[in-house]
**Q** 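Next up is a structure, given as structure tokens.
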2 protein chains.
Amino acid sequence: MPHAHHSDACPGCAAAPQAAFARHDHSHCSGDVLARAEALAAEQGVKLTPVRRRVLEILLEEHRALGAYDVLQRLAGEGFGNQPPVAYRALDFLVENGLAHRIRRLNAFAACMHPGEAHAPAFLICRACNHVAEAPAAPVREALDHAAAALGFAIERSNIEALGLCPACRGAGA
Amino acid sequence: MPHAHHSDACPGCAAAPQAAFARHDHSHCSGDVLARAEALAAEQGVKLTPVRRRVLEILLEEHRALGAYDVLQRLAGEGFGNQPPVAYRALDFLVENGLAHRIRRLNAFAACMHPGEAHAPAFLICRACNHVAEAPAAPVREALDHAAAALGFAIERSNIEALGLCPACRGAGA
DNA sequence: TCTTGACATGTTATAGTATAACATACATAG
DNA sequence: CTATGTATGTTATACTATAACATGTCAAGA
């Protein structure tokens with residue numbers, strides 16, 4: 001049952017950053033992202049195999065951060081392997097190729113909503129509804145690079161995560 | 001055997017941010033930090049009990065990020081409890097009270113080198129020597145707040161972590 | 001003084017997250 | 001067609017974290 005609860009807040013859709021936490025039908029965002037993911041994979045010479053593609057679809061359908069074991073459970077129910085490495089490998093692939101992100105605070109993974117746009121996003125995690133939005137973080141990244149440079153440290157990868165309340169849950173007084 | 005390898009890079013000492021990755025004797029930083037931690041605890045009306053204090057000392061002695069089970073092992077060898085909650089509770093206390101930080105990328109904990117200075121630090125993690133430095137991150141934090149505000153998101157806590165190479169390891173061609 | 005309540009520590013048990021190591025399949029270049 | 005690299009699948013295990021309950025400690029108020 002794909003995207004069964006569109007009335008929920010639906011963060012991080014590709015359409016517009018401002019719409020990240022706004023209610024909207026995201027079926028098209030998913031298709032959109034998936035199409036771009038395929039193109040990107042072809043372009044980079046890596047293979048978006050059935051498991052990998054299916055994992056990305058699952059992340060897009062749920063439209064929130066999922067634990068590896070959540071993903072695994074869905075895979076297993078669809079005839080794929082049912083052991084942890086199956087999920088972890090597909091997720092690692094997606095992360096490695098910029099098609100998904102790892103949210104360390106949640107021990108979870110979320111589809112990247114802006115694949116190919118070479119971004120170092122910040123993640124805004126709502127502690128009430130658990131939804132995760134990618135915030136444009138170029139200035140953040142820049143400030144971080146600067147701070148690191150001052151110490152002679154060369155950043156290779158970084159993750160920036162914030163916990164708080166999304167607009168909807170603030171309104172609801174959560 | 002406290003701080004047994006001072007010839008290593010020794011990041012994050014309180015003396016000066018610039019010295020974070022420089023070689024130096026840090027026995028005094030530890031004492032320094034510990035003293036400030038005690039003062040801070042008294043001031044905040046919370047108790048730096050023997051286990052908690054010992055855990056902080058262990059983090060300071062090692063002067064790097066330690067897993068909860070690493071800490072536990074040392075506690076157990078000193079007559080404290082040897083079950084995970086003993087370590088986790090002390091570590092959580094320290095984090096909660098600004099005396100230590102949790103490094104999610106490493107599933108590890110490190111003593112805060114600037115207790116009481118109300119900072120939202122960025123962590124620079126060297127992938128070669130595994131040392132962690134706290135970088136001053138006020139501008140980073142500001143940029144992040146700004147990005148979140150644009151989406152109507154209210155940040156409560158955040159963590160900023162970067163993986164890369166520290167000056168020493170860059171030099172060593174690691 | 002007694003006792004009550006809050007907090008800290010300790011223990012048992014279990015849940016949740018992740019990877020090592022090896023076996024099998026499958027595509028594709030030579 | 002076969003050798004090679006890559007992907008998938010499986011078994012087993014390691015690592016990280018918390019729930020739930022028992023015991024101990026200390027200080028404030030009866």
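Each chain gets a letter, A, B and so on, in the order its sequence line appears, and its residues count up from 1. Remember, predicted model here, so these are calculated numbers, not experimental data.
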**Q** Measure from CG on B/L72 to P on D/dT18 and round the result to the nearest Å.
**A**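 In whole Å, D/dT18 P lies 14 Å from B/L72 CG.
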**Q** Both B/T49 and A/Q83 contact DNA chain C. Which one's nearest nucleotide lies toward the 5' end?
**A**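 With B/T49 and A/Q83 compared, the 5'-side residue is B/T49.
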**Q** Given that B/V46 and B/P85 both sit by DNA chain C, which one's nearest nucleotide is further toward the 5' end?
**A**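 Its nearest nucleotide lies further toward 5', so the answer is B/V46.
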**Q** Would you mind classifying the nucleic acid contact of A/R89 as base, sugar-phosphate or nothing, using non-hydrogen atoms under 4.0 angstrom?
**A**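 Base, at least one base atom sits under 4.0 Å.
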**Q** Would B/R104 and B/N159 count as having a side-chain donor-acceptor pair, cut-off 3.5 Å?
**A**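 No donor-acceptor contact under 3.5 Å links the two side chains.
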**Q** Expressed as a whole number of angstroms, how long is the span from B/L91:CG to D/dA17:C1'?
**A**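 So the two atoms are 12 Å apart, to the nearest Å.
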**Q** Taking side chain as C-beta onward, heavy atoms only, is B/L165 less than 4.5 Å from B/R127?
**A**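 The answer is yes; the side chains approach within 4.5 Å.
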**Q** In Å and rounded to the nearest 0.5 Å, what is the CG to CD distance from B/N97 to B/Q44?
**A**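 Going from CG on B/N97 over to CD on B/Q44, the span is 5.5 Å.
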**Q** B/R104 has an atom CZ; how far is it from atom C1' of C/dT17, in whole Å?
**A**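 Those two atoms, CZ and C1', are 13 Å apart.
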**Q** How close or far is atom P of D/dT8 from atom CZ of A/R54, stated in whole angstroms?
**A**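 To the nearest whole Å, that distance equals 15 Å.
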**Q** Atom CD of A/Q73 and atom P of C/dG16: how far apart are they, to the nearest Å?
**A**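 Rounded to whole Å, this separation is 11 Å.
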**Q** Determine the contact category for A/R102: base if any of its heavy atoms lies under 4.0 Å from a base atom, sugar-phosphate if only primed atoms, P, OP1 or OP2 are that close, otherwise nothing.
**A**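 It contacts sugar-phosphate atoms only.
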**Q** Within the pair B/N82 and C/dG10, is there a side-chain N or O less than 4.0 Å away from OP1 or OP2?
**A**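 False: B/N82 side-chain N/O out of range (4.0 Å or more) of C/dG10 OP1/OP2.
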**Q** Send over the distance from A/F80 CZ to D/dT10 C1', rounded to a whole Å.
**A**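 It works out to 17 Å between those atoms.
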**Q** Compare side-chain N and O positions of A/Y88 against OP1 and OP2 of C/dT19 and report whether any pair is under 4.0 Å apart.
**A**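 For A/Y88, the contact criterion (side-chain N or O under 4.0 Å from OP1 or OP2 of C/dT19) is not met.
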**Q** So, is A/N107 close to the D/dT16 phosphate, meaning a side-chain N or O under 4.0 Å from OP1 or OP2?
**A**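 False: A/N107 side-chain N/O out of range (4.0 Å or more) of D/dT16 OP1/OP2.
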**Q** Considering just the side-chain nitrogens and oxygens of B/Y69, establish if one lies under 4.0 Å of OP1 or OP2 belonging to D/dT16.
**A**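 So the side-chain polar atoms of B/Y69 never come under 4.0 Å of the phosphate oxygens OP1 or OP2 of D/dT16.
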**Q** Could you state the CZ-C1' distance from B/R105 to D/dT16, rounded to the nearest angstrom?
**A**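 Result: 17 Å.
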**Q** Calculate, to the nearest 0.5 Å, the distance between atoms CG and CG belonging to B/L75 and B/N82 respectively.
**A**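 One gets 10.0 Å once the value is rounded to the nearest 0.5 Å.
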**Q** Please determine, for the side chain of B/A68, which listed nucleotide (C/dT19, D/dA17, D/dT10) has the closest atom?
**A**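 Nearest to the side-chain atoms of B/A68, counting from C-beta on, is D/dA17.
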**Q** Give the minimum heavy-atom separation between A/A122 and A/A137, together with the two atoms involved.
**A**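 So the minimum-distance heavy-atom pair works out to N-CB, 3.5 Å.
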**Q** Measure CG/B/L75 against P/C/dG10 and give the value in whole Å, please.
**A**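 About 9 Å, once rounded to whole Å.
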**Q** Both A/F93 and A/G81 contact DNA chain D. Which one's nearest nucleotide lies toward the 5' end?
**A**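 The residue whose closest nucleotide sits nearer the 5' end is A/F93.
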